[in-house]
Amino acid sequence: MISPFISSPDGGLPSAVRWSHLLIEGRLRAGDVAVDCTAGNGHDALFLARQIAPGGRLFVFDVQESALASTRARLLEGGIAEEGFSLIHAGHETLAEVLPSELRGGSKVIMFNLGYLPGSDKTVITETAKTMHAIKTALDWLAPGGLLTVVVYPGHEGGAEEAREVAAFAAALPPREIEVQHLRPVNRSAAPPECWVFWRRGG
Ligand code: SAH
């Protein structure tokens, strides 16, 4: 029997989002710090919040109030206490100015799920320059042994450029400090989502 843990609901291989969750699962502990850089509908935020409760600190960024509102509702419905999360109405590119400075180098997991919010205004989409600035900064906020995941959508408007920039950036990172892997379907004609994972050595 195929383990549902490592497959999609139809028994196929994991989607990019699923990969990001599989890679993170089991690495977080109660009391840890985690950051979700793109709240969207709050699925990733709830996934993280559950694993760091009680006592964890989750920071969630989004530029859309509506995304933060649905994330807040999902977290509360999921039984996450108010003091367990901070919703930040700002772009993830401001991460270094907004997060408490003592948490620099202390976040166990940082997630990015790029593109636009499904079922909403497709004009609010992550922008390559801001995304790249945010990813570079976020790596400095990662704890030794911490993971940063990025789900990119090359099929979205502007997504192909974003995917190329993430790839170029990842390839140039010093392997003794950061290990990077890239998970993606290779034999589909469309441009399916891809998962990047960055692991800061140590810990
Ligand atoms: N594409 C994903 C969902 C991504 S949601 C999927 O298909 O499931 C991406 C979120 O990023 C949106 O809610 C959008 O408002 C947010 N966003 C866009 N630019 C941002 C920025 N600079 N900082 C933080 N969030 C941003």
Side-chain angles (χ1 to χ4, degrees), residues 8-10 12-24 33-49 57-75 78 85-100 103 107 109-142 148-167 169 182-185 188 190-198:
S8 285
D10 66 357
L13 298 175
S15 66
V17 170
R18 184 81 184 111
W19 268 123
S20 68
H21 287 208
L22 290 171
L23 290 157
I24 291 166
V33 175
V35 185
D36 179 357
C37 287
T38 47
N41 287 317
H43 293 283
D44 292 334
L46 180 59
F47 165 75
L48 294 171
R57 291 177 77 185
L58 172 68
F59 297 88
V60 188
F61 286 83
D62 209 292
V63 290
Q64 296 191 77
E65 288 270 23
S66 57
L68 293 174
S70 28
T71 298
R72 178 184 178 75
R74 192 175 301 281
L75 289 170
F85 60 89
S86 305
L87 302 179
I88 301 162
H89 186 209
H92 41 225
E93 64 281 1
T94 67
L95 184 142
E97 292 101 80
V98 175
L99 293 186
L103 298 182
S107 184
V109 168
I110 303 177
M111 296 182 83
F112 287 80
N113 189 350
L114 304 175
Y116 50 76
L117 186 58
S120 82
D121 181 1
K122 291 189 183 170
T123 60
V124 184
I125 189 158
T126 52
E127 296 165 38
T128 303
K130 291 178 180 171
T131 301
M132 296 317 302
H133 180 75
I135 293 174
K136 285 174 201 166
T137 311
L139 284 175
D140 294 334
W141 290 73
L142 210 54
L148 184 151
T149 60
V150 186
V151 174
V152 296
Y153 295 79
H156 285 190
E157 182 80 24
E161 185 207 11
E162 204 167 35
R164 274 195 302 277
E165 294 244 353
V166 172
F169 169 72
H182 181 198
L183 300 138
R184 65 190 183 98
R188 278 204 242 151
E194 310 177 354
C195 176
W196 288 87
V197 55
F198 300 74

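Remember, it's 1-based here, ligands and their atoms both numbered in the order they're listed.
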Student: Between L23 and L183, is there a side-chain heavy-atom distance shorter than 4.5 Å?
Tutor: yes
Student: Side-chain contact test, heavy atoms from C-beta onward, threshold under 4.5 Å: evaluate it for L103 versus R57 and give yes or no.
Tutor: yes
Student: State whether the number of non-hydrogen atoms from other residues, nucleotides or ligands found under 6.0 Å of W141 atom CH2 is greater than 12.
Tutor: yes
Student: Distance-only, no hydrogens or angles: does the T149 side chain make a donor-acceptor pair with backbone N or O of V197 under 3.5 Å?
Tutor: no
Student: For ligand 1, which atoms have a heavy atom of G115 less than 4.0 angstrom away?
Tutor: 9 (C)
Student: Atom 20 (C) of ligand 1: which of L68, N41, V63 has the nearest heavy atom?
Tutor: V63
Student: Could you tell me if the side chain of L117 sits less than 4.5 Å from the side chain of V124, heavy atoms only?
Tutor: no
Student: Does P193 approach ligand 1 within less than 4.0 angstrom via side chain, backbone, both or neither, non-hydrogen atoms only?
Tutor: neither
Student: So which of H92, E127, H133 gets nearest to atom 21 (C) of ligand 1, if we judge by its closest heavy atom?
Tutor: H92
Student: Which atoms of ligand 1 are found less than 4.0 Å from any heavy atom of T38?
Tutor: 10 (C), 11 (O)
Student: Under a 4.5 Å cut-off applied to non-hydrogen side-chain atoms, are F85 and R72 in contact?
Tutor: yes
Student: For atom 3 (C) of ligand 1, what is the closest protein heavy atom, and at what distance to 0.1 Å?
Tutor: Y116 O, 3.3 Å
Student: I need the atoms of ligand 1 closer than 4.0 Å to a non-hydrogen atom of C37, numbered in the order shown.
Tutor: 24 (C), 25 (N)
Student: Could you label the plane-to-plane angle of the H21 and F47 rings as parallel, tilted or perpendicular, counting under 30° as parallel and over 60° as perpendicular?
Tutor: parallel
Student: With a 4.0 Å cut-off on heavy atoms, does P118 reach ligand 1?
Tutor: yes
Student: Numbering the atoms of ligand 1 from 1, which are under 4.0 Å from a heavy atom of Y153?
Tutor: 1 (N), 2 (C), 6 (C), 7 (O), 8 (O)
Student: Ligand 1 versus T131, non-hydrogen atoms closer than 4.0 Å: side chain, backbone, both, neither?
Tutor: neither
Student: Starting from atom 22 (N) of ligand 1, locate the nearest protein heavy atom and write down its residue, its atom name and how far away it is, to 0.1 Å.
Tutor: E93 OE1, 3.0 Å
Student: Taking all heavy atoms of H92 and all of C37, pick out the closest pair and write down the distance.
Tutor: ND1-O, 2.9 Å
Student: Between the side chain of H182 and the main-chain N/O of A167, is any donor-acceptor distance below 3.5 Å?
Tutor: no
Student: Report yes if some N/O of D62 lies less than 3.5 Å from some N/O of ligand 1; otherwise report no.
Tutor: yes
Student: Students should be able to answer this: which protein heavy-atom is nearest to atom 18 (C) of ligand 1, and at what distance?
Tutor: T126 CG2, 3.6 Å
Student: Are E161 and R164 ion-paired here, with the side-chain N under 4.0 Å from a carboxylate O?
Tutor: no
Student: With a 3.5 Å distance limit and no angle check, can you tell me whether R74 reaches the backbone of N41 through a side-chain donor-acceptor pair?
Tutor: yes
Student: Please state which protein non-hydrogen atom is closest to atom 9 (C) of ligand 1 and give its distance, to 0.1 Å?
Tutor: N113 O, 3.4 Å
Student: Using a strict cut-off of 4.0 Å, indicate which atoms of ligand 1 neighbour a heavy atom of L114.
Tutor: 1 (N), 2 (C), 3 (C), 4 (C)
Student: Taking only heavy atoms of V124 into account, list the atoms of ligand 1 that are under 4.0 Å away from them.
Tutor: 15 (O)
Student: Find all atoms of ligand 1 within a distance of less than 4.0 Å from any non-hydrogen atom belonging to H156, and give their numbers and elements.
Tutor: 1 (N)
